[in-house]
Each structure stands twice: as structure tokens, then as C-alpha cells.
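This report refers to the structure that appears directly beneath it.
In this chain, numbering begins with 1 at the start of the sequence shown. Computed over heavy atoms, backbone and side chain alike; hydrogens, waters and symmetry mates excluded.
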Amino acid sequence: SNRSYAGDLEQALLLSMHDHVRPRLEAPGEGHFHDFIFPITKLPAGGSVHREYIVHWRHDETQHSATSEAPDRRAIELLNTYVTEPGDPDCAYIQHGSPVPIQHYLYFDLWQKTQNRDLLAFFYPRLAQFLRYIAGLDERSPMRPFKNSLISSWPLFYNSGGWDDYPAQHYLHGLDDHFNLRDRTAPMVMSSHVAATADIMAMAARELNEDPSEWNTLAESLSADMDAYAWDPASQLYGYLEHNSDGTPSKILSHEPSGQSYNLGLDGAMPLLTGRIHPERASKIRRLLADTTRFLTPSGLSTVDQTAPYYRNDGYWNGATWIPYQYIFWKLSLDAGDREFARELATRVLRSYNRETEDSYCCFEHFMNDSGRGAGWHHFGGLSSPIINFFAAYFRPGRINTGFRAWLHSQKWKPEFKGVRFEVSTLMTTHPNAPIVLVTINPSSNVDITINGQPIECTQTIPGLLELPLRKDSIRQKVEILER
């Protein structure tokens, strides 16, 4: 139903300009930074930053990553660029490049930052229309060509996840194949993104007192079909899934002559994003991601497993680390309760970006695994948003960050960020650990912490940073962080 959502975007924008969820310190000092950060300052050995301004000029707000640290109006206008009016008979959304639903992640981050119901309501039917199309639920969509729920974006666009020379994708596009193997093969990346964003839409629906069942069913079916058909025990990752000519699942796409899966890369790990896959499989994937001989490089996660027979050190995505997907895997690590890996990943990204910008003053597209140096387009805005988000999550007081499976209902900060009360709910997850929420407070604060009235202890690994495990025995939780 669109009954209350025909509102004026300008009105929604005006209503979003409040500042009550992020009060500012009155004078520059510890933890007080400009909204624009460039270059990221050196992180000292202890991890905290004291009495320094950090200035960044954003070339654009980027379609490559949710940009919750952008000024509200700019982020909202960016989001509005890609949506159409509910019920538009000709256009479900504005297509630009790979149809990865980054706009839904931005929608989520804007809510987490502002809890603005007008914005939530305005964009809900527009993003619902967008998601139905890329999920293949819209009758006009070509993106669900199989006899299961798995998604292929190739009938719409050549690129499945934004990664141009991803080996399996590159191989399929290069075939002169009268059997149409490309059109009969499903990568995991789009199905994983759509499942994750369906859960975001379900949380938004509940907040707006709408029926979330459509989104629950979508997320469940995608996760179940990836688990049922695409898991490859040999690689301990999910594979590119070939289908028979009648649309039924066939086998995992293999690389010849090695015989290994052709999906030794981040696409094979993307089903982690759903939070619903078999827990033993999820644990195996996380171990691979943390292995410095396989995925983890000094700059973050390599797009392709460094031991794969088709890995190369001079590719575009193959042989490189791209920052936007570091943000995705950082978020899912918070959902999985892996605070150490999340912190390690963010720190590696920040240090690499800082080294490069100090040396060249360029904002490159990606970082080469062998050298750690920036490469590609030298003023590429697609890196800036996740960099700023990482920095704010760990070093900027007044921020609450979760994975994609936790929903903030409210937050009320004490003056100078010396405490906060907030309410959060979490989605079901197959991860064995409790999800983590990051809260950055004034480093000078000495606080007591309770969740649903129960006291908890939390060591600050970085001054002012609280990495709080949420309770697994309660869906909705009231968190109080108050000065003693």
C-alpha cells in the first residue's frame, strides 16, 4: 500500500535536517572532526586521534557504497536519483551500471543515523518497487530465469557484482557458446545482495506497520536455494551454479584444466551476507577470509583467492582490493559477532588509504595486492564513502554502527557524547555469536553499560570505542551507556 507515501521529497528533506541525534562538541578537541575527511590522518599506535582536524573533500557521494557520513541532504538527494514514482509503468528504477542494490544500504544507513520516519516512509514504496524488479518479482524483469529463486543480472547488464574481470564472469562472457552457458549460470553475488536488502525492507516494513512477509519469503527462498544447490565442499565456498536447459540446477562451474571451482573469490563468500546459511559453512568461509595466504591482504580482502589457478597480480579486480566490498564484509562481520575481524579489516583499509593519499594525494579506484599501491582512476570518488564510514565508526564520538541485521529504533545522546540511550532489535541469524554494535563515546567518559537492565562489561580497545555484544535471548533491546 502507498496510502501515506505520496509525500513531497522536499518536505521529507526539510524534516530530516534535525541534528538531535548527533550533537556537536562546542569547540575543536578530542574526537571532534569536520564532516569532510581527506586525507585520513595517521592512526597512532594506541589507535586514538587527539586534537587534530581531519579534512576530506568528496568528489561525489558515490553509487558504490552507502554513505551514512555524508551530509543528510546530499545523501538523500543521491538516493532519490535512482528511484522512480511508485507505480511507474515504464521504469521501476534508474539503471546505472551494475544493478547492485547499494541504494537500499544507503536507505538503511540513513535510518540508522536519523530515525527519520518521513524519509523511511517516502522511500519505502520506491525502493520496494526497485527491489521487486531486481529480484525478478516484477513481471517485466528478466532477472529470475531459473526454476529456483536464484538471480542473474546478465540479461540486464554484463556485470554481476561490479567486478569487471572477476574470473568466472570474464570466462562466461568470453565464450562463443551456442549452449548459452552464461545465461544458464547463476553467480551468488546478486542473490546475496537481494536477500540482505529484502531483510532491510522487512525491518523497514515493521517500523512502518506494513506487512513484511513478502520480504521475509524472498530472503528465505534465496538463502535456502544457495544452500541447497550452490555449496561446493571442495572449495568451502559457494560456486557459480550451472543450470540445465530447462532451468533446473546442474553443477558447479569448474575451471579447466585445474578442475577447481571457478568461484574462488568474494562471490563465493557473499552468501554470508544473508545471515541465514548453514552455520558450519559460514564458519569455514570466515576462516578463509581471515587467511593471509588466501583472501586477507594488507589492504583488506582480495577480490579473488590468491591461491586460485586463475588469480593474477595485474588485473583490475583480479589481483586487487576494492574498498566498497570491504564495507560489505565489515558489516556482515558485525552481524556475525566477529569484532576482532571487523576491526582488523577496517584498520587495514584505513592505513592503506592513508599511506596512499599521503604519498600521492590521489583517491585511486583500488589497491594492488602485491604492492599495496593505489591503481586505476586517480580521483575515483567510490572509495571515499566507506573510508569515512570506517573512520567515523571507530574514531568519531557520537556514532552507533551495526551490521545489516540490527535495526535502531531510537537514540538519545548525552551532551558532548558522554553517554547514550538507544533501542535496537536484531534479526534471526545462524551465526553462533551475538551480533556486535559499535558505539563511540567521548574518550574521557567513565560509563556503566546495561542491556535490558542487565550490566555488562566492555573493554575499550580504542579510547572511546565500545564493541558491545547484543543479547541473543532478546530481539528488542534497550541499551544504556551512562556516566558514573
Exercise. Taking only residues two or more places apart in sequence, or in another chain, which ones meet Asp335 in a salt bridge (charged side-chain N to carboxylate O under 4.0 Å, His left out)?
Worked result: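 Checked Asp335 against salt bridge (charged side-chain N to carboxylate O under 4.0 Å, His left out); zero matches.
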When you measure from the side chain of [X] to the backbone of [Y], do you find a donor-acceptor pair of N or O atoms at a distance under 3.5 Å?
{"X": "Arg140", "Y": "Pro89", "answer": "yes"}
{"X": "Arg281", "Y": "Asp227", "answer": "yes"}
{"X": "Gln306", "Y": "Tyr311", "answer": "no"}
{"X": "Asn159", "Y": "Trp163", "answer": "yes"}
{"X": "Asn180", "Y": "Asp183", "answer": "no"}
{"X": "Thr440", "Y": "Arg396", "answer": "yes"}
{"X": "Ser141", "Y": "Tyr133", "answer": "yes"}
{"X": "Arg126", "Y": "Phe122", "answer": "yes"}
{"X": "Thr197", "Y": "Val194", "answer": "yes"}
{"X": "Tyr82", "Y": "Gln95", "answer": "no"}

Validation row: [X], [Y] side chains within 4.5 angstrom (heavy atoms):
{"X": "Leu350", "Y": "Phe391", "answer": "yes"}
{"X": "Trp407", "Y": "Val424", "answer": "no"}
{"X": "Leu79", "Y": "Leu110", "answer": "yes"}
{"X": "Leu172", "Y": "Leu181", "answer": "yes"}
{"X": "Ile285", "Y": "Tyr238", "answer": "yes"}
{"X": "Pro309", "Y": "Leu264", "answer": "yes"}
{"X": "Ser261", "Y": "Leu237", "answer": "no"}
{"X": "Phe364", "Y": "Thr357", "answer": "no"}

Taking the six-membered ring for Trp, is the centroid-to-centroid distance between [X] and [Y] below 6.0 Å?
{"X": "Phe130", "Y": "His104", "answer": "yes"}
{"X": "His173", "Y": "Trp154", "answer": "yes"}
{"X": "Phe380", "Y": "Trp377", "answer": "no"}
{"X": "Trp317", "Y": "Trp322", "answer": "yes"}

Problem set entry | Pairwise ring-ring contact (aromatic ring centres under 6.0 Å, His included) hits with a residue in residues 287-306, at least two apart |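 Qualifying pairs, neighbours excluded: none.
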Exercise. Tell me, which pairs form a salt bridge (Lys or Arg N to Asp or Glu O under 4.0 Å) where one or both residues lie in residues 230-258, sequence neighbours left out?
Worked result: none
Exercise. Taking only residues at least two apart or on different chains, which pairs with a member in residues 320-332 satisfy salt bridge (Lys or Arg N to Asp or Glu O under 4.0 Å)?
Worked result: Asp109-Lys331
Problem set entry | Set of ring-ring contact (aromatic ring centres under 6.0 Å, His included) partners for Tyr310, sequence neighbours left out |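 Residues passing ring-ring contact (aromatic ring centres under 6.0 Å, His included) with Tyr310: His255, Tyr262.
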Exercise. Which residue pairs pass the side-chain hydrogen bond (donor to acceptor under 3.5 Å, both in side chains) test with at least one member in residues 426-438, sequence neighbours excluded?
Worked result: Arg286-His431
For this session: Go through the steps for Arg184 and Asn244 under the test side-chain contact (heavy atoms from CB on, under 4.5 Å), then give the verdict.
Result: CA-CA 7 Å; Arg184 294 190 290 107; Asn244 299 309; 5.6 Å; no
Scan side-chain atoms only and decide if [X] and [Y] contain a donor-acceptor pair under the 3.5 Å cut-off.
{"X": "Tyr394", "Y": "Asn401", "answer": "no"}
{"X": "Ser149", "Y": "Asp225", "answer": "yes"}
{"X": "His243", "Y": "Asn148", "answer": "yes"}
{"X": "Ser352", "Y": "Ser299", "answer": "yes"}

Exercise. Could you go step by step and tell me if His378 and Glu365 meet the side-chain contact (heavy atoms from CB on, under 4.5 Å) rule?
Worked result: CA-CA 7 Å; His378 67 282; Glu365 285 186 277; over 6 Å; no
Which atom of [X] lies closest to which atom of [Y], heavy atoms considered:
{"X": "Ala320", "Y": "His366", "result": "CB-CD2, 3.5 Å"}
{"X": "Met201", "Y": "Ala128", "result": "CE-N, 3.5 Å"}
{"X": "Leu150", "Y": "Arg144", "result": "O-CG, 3.9 Å"}
{"X": "Val304", "Y": "Ala308", "result": "CG1-CB, 4.2 Å"}

I need the [X] [atom1] to [Y] [atom2] distance, nearest 0.5 Å.
{"X": "Tyr93", "Y": "Thr84", "atom1": "OH", "atom2": "OG1", "value": "10.5 Å"}
{"X": "Asn80", "Y": "Gln103", "atom1": "CG", "atom2": "CD", "value": "11.5 Å"}
{"X": "Arg343", "Y": "Ile436", "atom1": "CZ", "atom2": "CD1", "value": "9.5 Å"}
{"X": "Thr461", "Y": "Glu467", "atom1": "OG1", "atom2": "CD", "value": "4.0 Å"}
{"X": "Ile400", "Y": "Gln112", "atom1": "CD1", "atom2": "CD", "value": "9.0 Å"}
{"X": "Ser192", "Y": "Asp267", "atom1": "OG", "atom2": "CG", "value": "7.0 Å"}

Between [Y] and [X], is the closest basic N to carboxylate O distance under 4.0 Å?
{"X": "Arg132", "Y": "Asp138", "answer": "no"}
{"X": "Lys284", "Y": "Glu280", "answer": "yes"}
{"X": "Asp199", "Y": "Arg276", "answer": "yes"}
{"X": "Asp165", "Y": "Arg312", "answer": "no"}

Exercise. Checking side-chain hydrogen bond (donor to acceptor under 3.5 Å, both in side chains) for the pair Ser360/Glu356: CA distance, chi angles, key distance, verdict?
Worked result: CA-CA 6 Å; Ser360 66; Glu356 184 59 50; 2.7 Å; yes
Problem set entry | Chi angles and distances behind the side-chain contact (heavy atoms from CB on, under 4.5 Å) call for Val83, Leu127 | CA-CA 7 Å; Val83 297; Leu127 289 170; 3.8 Å; yes
Exercise. Taking Leu301 as the fixed residue, which of Ile328, Val349, Leu345 is the one that meets the side-chain contact (heavy atoms from CB on, under 4.5 Å) rule?
Worked result: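 It is Leu345, the one option of Ile328, Val349, Leu345 that forms the side-chain contact (heavy atoms from CB on, under 4.5 Å) with Leu301.
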For this session: Just do the side-chain contact (heavy atoms from CB on, under 4.5 Å) check on Leu119 and Trp111 with the steps written out, would you?
Result: CA-CA 8 Å; Leu119 286 175; Trp111 170 261; over 6 Å; no
Exercise. Any cation-pi pair here, Arg355 with Tyr353, using under 6.0 Å and within 45°?
Worked result: no
For this session: Please determine which of Phe329, Phe395, Trp330 meets the ring pair (Phe, Tyr, Trp, His ring centres under 6.0 Å) test together with Phe390.
Result: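 Running ring pair (Phe, Tyr, Trp, His ring centres under 6.0 Å) over Phe329, Phe395, Trp330 with Phe390 returns exactly one hit, Trp330.
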